[in-house]
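In what follows, every heavy atom counts, from backbone to side chain, and hydrogens, waters and symmetry copies are set aside. The chains referred to below are lettered A, B, ... by the order of the sequence lines, with proteins before strands, and numbering in each begins at 1.
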There are 2 protein chains.
Amino acid sequence: MPAADDFSPLPAQGTDILAEVTAKEPIKTVTSAQIAEALDVDPTQVRKDFSAIGLVGIGRVGFDVCEVCRGIRVSLGFDQQFDAVLVGAGHLGGALLAYSGFASGFARYGLRVLAAFDNDERKIGRSVAGLTVRPTKGMSGFIRRHGIRLAIITVPAEIAQKTADRLVAAGVRALWNFAPTQLSVPQGVLVRNEHIAIGLAEIAYHLKA
Amino acid sequence: MPAADDFSPLPAQGTDILAEVTAKEPIKTVTSAQIAEALDVDPTQVRKDFSAIGLVGIGRVGFDVCEVCRGIRVSLGFDQQFDAVLVGAGHLGGALLAYSGFASGFARYGLRVLAAFDNDERKIGRSVAGLTVRPTKGMSGFIRRHGIRLAIITVPAEIAQKTADRLVAAGVRALWNFAPTQLSVPQGVLVRNEHIAIGLAEIAYHLKA
DNA sequence: TAGATTGTTAATCGATTAACAATC
DNA sequence: TAGATTGTTAATCGATTAACAATC
């Protein structure tokens, strides 16, 4: 099984695309050419990726839509339930919490946010998207008790590293970092940076030309 | 001048990294090896990228930190001011608006959000992060009057395409799409998708193993 | 069967890395 | 000068694409 990153042009959007393709008419199969056109990639790419995750098509017909959807979900790990905590209940944190509450949000990808933490007295005890904000004091204990392996970091950049250290010490294995700073973590811990400026750079370049 | 995407391992974080490197001691230069280590890439990569954007180093010494910072800012387009509108003043929209207000937020990258639009009567007229939410009715006119070329889309997925169509018709040249759906636009219009599920896939894969 | 699509091998392309002379 | 670092060329590596036999 290849890593999630290996499917260059077949991101999570894959399932979204398929939903659209199939919505138009009630077909049961889809060809690699159809998917390739919707994603604006090479058809060979699609067939190779599908082959890599064990999907087999039918000659002259294409691929079974249900199988493809399930295959993508499974290969990307969205079929499994993941519990997470969120640290930093500011604006962005609140937005992500709201997103996690809906069935069409994080839940769709198997992610469930169990608790939100903040060290701001004014935020502690408040309800954000159905979750009561807890003091960071009890964070490590909570993580250990629930065996949490994923943490979402939405704290200010200045305290992001300290936050990361505490989370890792408590046993977290993956950090989803929304703070605009580089985190250093021990080997084996994954950091996924969601750095807004990267997208902005692409846009700025396009508008400049 | 290469495209912003060409600097694979030198994203906008570059400037952040440099700030950290220089914060430790007041040096005036930095070597490609130092930068490479902080970014966890090959030193040659750094030198090539620097060369591509016209930065020249000093033998046995390294690169002038000020020049590097400025070079990166310019090559990524962050030295120019960009005006944008935001459509969809929900949770995520509000978070991005809040982010845009601070000097350390969007402003740092030259982005200024001039107005926020929403079609929800309950949101119209409200103040979000210092901006009064306007009705989408007046959106096209506002875009034309101010010559806006960039729009941030934070509406629900169901109305994202329709929103995009209106924006493009009004003259917008780039869409920053935070709605979890694929947008189709005319040639020449850039769509940058900020799809949360892509990051989640990487995390899910790591935790699965 | 005829024809369209898959599955895979081979070729191309680009990106990354290694090596090293030039430079300060 | 001696030594460390740049700047660039060449080699390697991987990813993308083209081609086509196998399949239904």
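- Taking atom CZ of A:R47 as the reference point, atom P of D:dT17 lies 13 Å away to the nearest angstrom.
- At least one donor-acceptor pair closer than 3.5 Å links the side chain of A:H206 to the backbone N or O of B:G188.
- Under the Watson-Crick and G-U wobble criteria, each requiring two contacts below 3.5 Å, nucleotide D:dT12 is paired to C:dA15.
- Separating the NZ atom of A:K48 from the P atom of D:dT17 is a distance of 11 Å, rounded to the nearest angstrom.
- Per the geometry, CG belonging to A:L55 stands 16 Å off C1' belonging to C:dT8, to the nearest Å.
- Counting to the nearest Å, the C1' atom of C:dT17 and the CG atom of B:D40 are 14 Å from each other.
- Atom CZ in B:F63 sits roughly 13 Å away from atom P in C:dC24 (whole-Å rounding).
- Separating the CZ atom in A:R166 from the CZ atom in A:F117 is a distance of 9.5 Å, to the nearest 0.5 Å.
- The nucleotide whose nearest atom lies closest to any side-chain atom of A:R60 is, among D:dC24, D:dT8, C:dG7, D:dC24.
- As a whole-Å value, the separation of B:D49 CG from C:dA15 C1' is 11 Å.
- Atom-to-atom, CD1 of A:I58 to C1' of D:dA22 comes out at 16 Å; the value is rounded to the nearest Å.
- Comparing B:T44 and A:G62 by the nucleotide of DNA chain C that holds the closest heavy atom to each, the one mapping nearer the 5' end is A:G62.
- Applying the Watson-Crick and G-U wobble criteria (two distances, each under 3.5 Å), D:dA22 pairs with C:dT5.
- Positionally, the nearest nucleotide of DNA chain D for A:D42 lies more toward the 5' end than for the other of A:D42 and A:G59.
- For B:Q45, the side-chain atoms get nearest to C:dT17 when compared with the rest of C:dT17, D:dG7, D:dT16.
- Of the side-chain N and O atoms in B:S51, one or more sit less than 4.0 angstrom from OP1 or OP2 of D:dT8.
- Of the possible polar contacts, one joining the B:N177 side chain to the B:T181 backbone as a donor-acceptor pair under 3.5 Å is found.
- At distances below 3.5 Å, not a single donor-acceptor pair connects side-chain atoms of A:R47 with backbone N or O atoms of A:G57.
- A distance-only check finds a donor-acceptor pair linking the side chain of B:T154 to the backbone of B:V87 [under 3.5 Å].
- Distances were taken from every side-chain heavy atom of B:T31 (C-beta onward) to each of C:dT17, D:dT6, C:dT6; the shortest belongs to D:dT6.
- One can place CG of B:D64 at 15 Å from C1' of D:dT6, the figure rounded to the nearest angstrom.
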